[in-house]
2 protein chains.
Amino acid sequence: MSSAPNHDAPPRIDRRAQRRLDTIEEIIDIAEALMTEEGVNGLTLSEVARRLGVKPPSLYKYFDSLLDIYDAVFRRGQQANLEIMRAAMAAAAPGLPALTAGLEASCRWSLAHPAITQLMFWRPVPSFEPRPESMAPSSEMVNLQRQALTDAVSLGQLGPGADTDEALFFLSILISGLLGQAMANDPDEPWGRGRFTPLFPLLFNAFTKLYPPSA
Amino acid sequence: MSSAPNHDAPPRIDRRAQRRLDTIEEIIDIAEALMTEEGVNGLTLSEVARRLGVKPPSLYKYFDSLLDIYDAVFRRGQQANLEIMRAAMAAAAPGLPALTAGLEASCRWSLAHPAITQLMFWRPVPSFEPRPESMAPSSEMVNLQRQALTDAVSLGQLGPGADTDEALFFLSILISGLLGQAMANDPDEPWGRGRFTPLFPLLFNAFTKLYPPSA
DNA sequence: GTCTATAGCCTGATAGAC
DNA sequence: GTCTATCAGGCTATAGAC
């Protein structure tokens, strides 16, 4: 109170820094919407600027290039997907229940964010390579899945083969196949409707029969 | 010899018509190469003209628009893929052997033509909608697969559930998942190498265990 | 942080001469 | 069927004033 210029505690982030972060988030929101509407390759600086209500050169105060915006969309998407999956897994019993709950939550999120999902799974922008730190959440997702498979084997829910790279790759084929077919062929159907997403339980049926518990 | 202007039998297609068809094929070849190098969205009239050795306006003598070229690539790809699969199925025993042989041949072809495969499976060019007649081979491929599944059930190679739409959709998830993961993550590996295509037999292992023969 | 102005590209498509 | 010329627009990015 003595020397402080105001009565509030000093904010850890001042107003203008916060406003800057808000603008960055808004740019990423606009970029994602644009990719959803016009295709992943339909992202342009000019249109982002138009929707944000500024002129294109102003965007360079927030991002160094168009590819930098792609990277920001990619990174935020990876982070969000990881947190969704982690939360769903933590709320379920260890092993197979955690795995199915986590992957279903991740699939729901992916289907609701098709542009980011395409950017992450199918690399439709050849000139875009995500930065290593933007890829980090992806490794963490793999780790969570591997741990769940290990738990499932330990708990006797799955056979020993389920705790291998082969099983992990097979799982990724199942999930990305489901998402790809749903997004390409039933783009307007929400999760649980259409021809593909209702088959989600069937995927785990197949997976379990491929690696049945020994007992 | 009396009134004929030359000694050869009259060709069913004259030279200039044949040359025109050759040019059209060459344009499609160039378009596919370009999409492979620069991404499916990297196809431009200007670059096609450059590689063909003409100026862009000349292309309009062969195609009405850029989207027309996309459609030609799409149609020729569908046709080729269908014929590859049909031939492989015909060379194998009916039922499950025909199905696996046909799908493996199709997958090999798809992996060797990633740009067309992306165009067919994942629709990365939102403004491009294939013409109905270009989609026809796709329906025929589905028919071939459905027939093979029916035969497999009749022959006792698979259980009754394998002859359903659900099984067909599940099969498409497996195949498109394998291709998508292989193309995105092991783009330079040929069929049979890398982390995903060696799992092809595993897919049918899972499929068979999901729909086991009753006996 | 915003703008204007501009450089230096690219694109699809058409008109009309030859 | 080829070309030149052109339209009408798009884009990323930078320089520099305010």
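Computation of the quantities below employed the complete heavy-atom set of this structure, encompassing side-chain atoms and omitting hydrogens, waters and symmetry-equivalent molecules. A quick note: this is a predicted structure, and the numbers were derived from the prediction, not measured. Protein chains get the first letters and strands the later ones, always in sequence-line order, with residue 1 at the start of each.
The side chain of A/Arg50 contributes no N or O atom lying less than 4.0 Å from OP1 or OP2 of D/dG10. Here B/Tyr62 reaches the OP1 or OP2 of D/dT2: one of its side-chain N or O atoms lies under 4.0 Å away. Here B/Ser46 does not reach the OP1 or OP2 of C/dC10: none of its side-chain N or O atoms lies under 4.0 Å away.
Counting to the nearest Å, the C1' atom of C/dC3 and the CG atom of A/Leu52 are 14 Å from each other. Protein atom NZ of B/Lys55 is 15 Å distant from nucleotide atom C1' of C/dC10, rounded to whole Å. Protein atom CG of A/Asp68 is 13 Å distant from nucleotide atom P of D/dT12, rounded to whole Å. Atom CG of B/Leu45 and atom P of D/dT2 are 15 Å apart (whole Å). Atom CG in A/Leu59 sits about 9 Å away from atom P in C/dT2, given to the nearest Å. Spacing between atom CG of A/Leu21 and atom C1' of C/dG1 amounts to 15 Å, rounded to whole angstrom units. A/Ile69 has its CD1 atom 13 Å from the P atom of D/dC11, to the nearest Å. B/Ile27 has its CD1 atom 15 Å from the C1' atom of C/dG12, to the nearest Å.
Across D/dC3, D/dA13, C/dG12, the shortest atom-to-atom separation from the side chain of B/Tyr60 is found for C/dG12. Distance from the side chain of A/Lys61 is smallest to C/dT2 among C/dA13, C/dT2, D/dA13. You'll find that the side chain of A/Leu66 is closest to D/dT12, out of C/dC3, D/dT12, C/dT11. Picking from C/dT2, D/dC3, D/dG1 the nucleotide with the shortest atom distance to the side chain of A/Ser58 gives C/dT2. For B/Arg20, the side-chain atoms get nearest to D/dG1 when compared with the rest of D/dC11, D/dG1, D/dC3.
Proximity of the aromatic rings of B/Phe74 and B/Tyr70 is defined here by a centroid distance below 6.0 angstrom, and this criterion is not met. The distance between the ring centers of A/Phe204 and A/Phe200 falls below 6.0 angstrom.
In this structure a side-chain-to-backbone donor-acceptor pair under 3.5 Å is missing from A/Ser134 to A/Pro130. At least one donor-acceptor pair closer than 3.5 Å links the side chain of A/Asp71 to the backbone N or O of A/Arg131.
Counting any heavy atom pair closer than 4.0 Å across all strands shown, A/Pro57 reaches a base atom.
Across all non-hydrogen atoms, the minimal contact from A/Leu179 to A/Ser110 is CD1-CB, 3.8 Å.
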